[in-house]
Amino acid sequence: MLYEVFSRQELSSLVLCPFYFETDLVGFVGVDEPKDMSLALPVMQIASSHMSGLLQKSFYVEKGASADSVTNLCSVTAFRHHVAYELAEIQANPGLKLDLVHFDIRNFNKEHGLKAGDELLKRLAQVIVQEVGSPWLVRPVADHFYALIPDSKVDQAIRNVHDAIIGDEAFGVSIRAGIYPLSASDQQVSFAMDRARIAANNAVSNYQNYYCRYEQKMEADLTLANYLLGHIDEAVDKGWINVLNALYPFSGNNHQELVENRFGHGLFRQGRGL
């Protein structure tokens with residue numbers, strides 16, 4: 001068909017390169033009557049890749065705010081719209097298994113500075129996109145990332161990301177990741193993102209235990225801890241917790257106290273949680 005179309009234009013030669021956007025073939029980039037056939041295809045491949053990048057960024061802008069200036073990832077608004085779309089797809093097809101994954105890195109900027117931190121963010125974004133195979137990755141703040149990953153691939157993808165970053169001589173740091181499986185019962189994107197973050201916060205961030213899946217108990221424990229921290233005086237008055245003794249003095253007049261409560265033990269600073 002292409003031959004019939006272009007033969008009517010009296011073209012004797014034409015080089016075409018497929019044009020992909022988000023893994024879908026959406027068209028072709030071509031040059032007619034090339035003078036040097038050996039250069040035509042590489043040039044078309046470069047042009048196709050560049051145009052795809054421009055279109056991708058334009059697509060994100062139309063969906064929301066501009067892309068992340070550090071990593072060039074999509075905007076938070078665009079990402080949330082896409083997660084909402086995937087939730088609708090899951091509600092229509094409950095057999096679809098897709099996970100929302102939270103990645104983060106702890107304390108790198110404090111030790112290495114902001115410039116090195118930005119380079120690490122760029123590298124981490126590059127690695128995650130490569131492993132996930134999708135542009136739907138966002139960095140809402142600081143060193144926190146969210147990605148959508150098929151459940152069948154999520155464990156291996158996280159391991160690959162961790163190994164790539166910790167094995168990079170320029171950085172050599174461990175990541176943390178939390179997995180939240182999206183379900184047909186999810187109504188709010190923000191709740192899903194919070195639960196992925198809660199799961200990541202329960203990971204240890206070391207060479208072995210650097211990611212975990214969300215469990216309802218995690219949220220219940222966090223709610224309980226927040227309640228206790230917000231009601232310390234009431235808890236002491238009602239005997240829910242008992243101060244045992246002062247431990248571990250540190251700078252100034254501050255001190256830490258070991259407290260015992262009916263839920264277990266914990267450290268609190270001057271009557272407030274650490």
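Residue numbers start at 1 and run along the sequence shown.
The heavy-atom pair separating Ala78 from Trp136 by the smallest distance is O-CZ3, 3.6 Å. Nearest heavy-atom pair, Ala177 versus Ala203, reported as atom, atom and distance to 0.1 Å: O-CB, 4.1 Å. When every heavy atom of Ala192 is checked against every heavy atom of Leu182, the shortest pair comes out as CB-CD2, 3.9 Å.
Residues forming a side-chain contact (heavy atoms from CB on, under 4.5 Å) with Gln130 (at least two apart in sequence, or on another chain): none. In this view, Tyr214 and Tyr180 satisfy the ring pair (Phe, Tyr, Trp, His ring centres under 6.0 Å) rule, not counting sequence neighbours. Residues satisfying the side-chain contact (heavy atoms from CB on, under 4.5 Å) criterion with Ser185, sequence neighbours excluded, are Ser183. Applying the ring pair (Phe, Tyr, Trp, His ring centres under 6.0 Å) test to Phe103 and every residue at least two apart in sequence or in another chain returns nothing. Checked against salt bridge (charged side-chain N to carboxylate O under 4.0 Å, His left out), Arg80 has no partners two or more places apart in sequence or in another chain. The side chain to side chain donor-acceptor pair (under 3.5 Å) test applied to Glu89 returns no partner, not counting sequence neighbours. The salt bridge (charged side-chain N to carboxylate O under 4.0 Å, His left out) check on Arg195 picks up Asp186, Glu219, with sequence neighbours excluded. With sequence neighbours left out, His144 forms a side chain to side chain donor-acceptor pair (under 3.5 Å) with His102. The side-chain contact (heavy atoms from CB on, under 4.5 Å) test applied to Gln188 returns Ser190, Phe191, not counting sequence neighbours. Evaluation of the side-chain contact (heavy atoms from CB on, under 4.5 Å) rule for Gln126 yields Arg123 as partners, not counting sequence neighbours.
Not a single donor-acceptor pair under 3.5 Å links the side chain of Asp99 to the backbone N or O of Val101.
The closest side-chain heavy-atom distance from Phe79 to Leu73 is not below 4.5 Å.
Rounding to the nearest 0.5 angstrom, the gap separating the CG atom in Asp155 from the CG atom in Asn160 is 11.0 Å. Separation of atoms CZ (Arg176) and CG (Asn201) is listed at 5.0 Å; rounding is to 0.5 Å. In this structure, Leu98 CG and Glu86 CD are separated by 5.5 Å, a value rounded to the nearest 0.5 Å. Rounding to the nearest 0.5 Å places OG1 of Thr71 at 9.5 Å from CG of Leu124. For the atom pair Leu96 CG and Gln91 CD, the distance stands at 11.5 Å (nearest 0.5 Å). Going from atom SG of Cys212 over to atom CD1 of Ile179 covers 8.0 Å, rounded to the nearest 0.5 Å.
In the hydrophobic clustering of this structure, Leu87 does not group with Tyr85; members are Ile, Leu, Val, Met, Phe, Trp, Tyr whose side-chain heavy atoms approach within less than 4.5 Å, directly or through other members.
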Show me the side-chain donor-acceptor pairs of residues 145-154 shorter than 3.5 Å, one per line, residues at least two apart or across chains.
from: Tyr146; atom 1: OH; to: Met193; atom 2: O; distance (Å): 3.2
from: Asp151; atom 1: OD1; to: Arg213; atom 2: NH1; distance (Å): 3.2
from: Asp151; atom 1: OD1; to: Arg213; atom 2: NH2; distance (Å): 3.3

Side-chain donor/acceptor pairs under 3.5 Å, residues 114-122, sequence neighbours excluded:
none

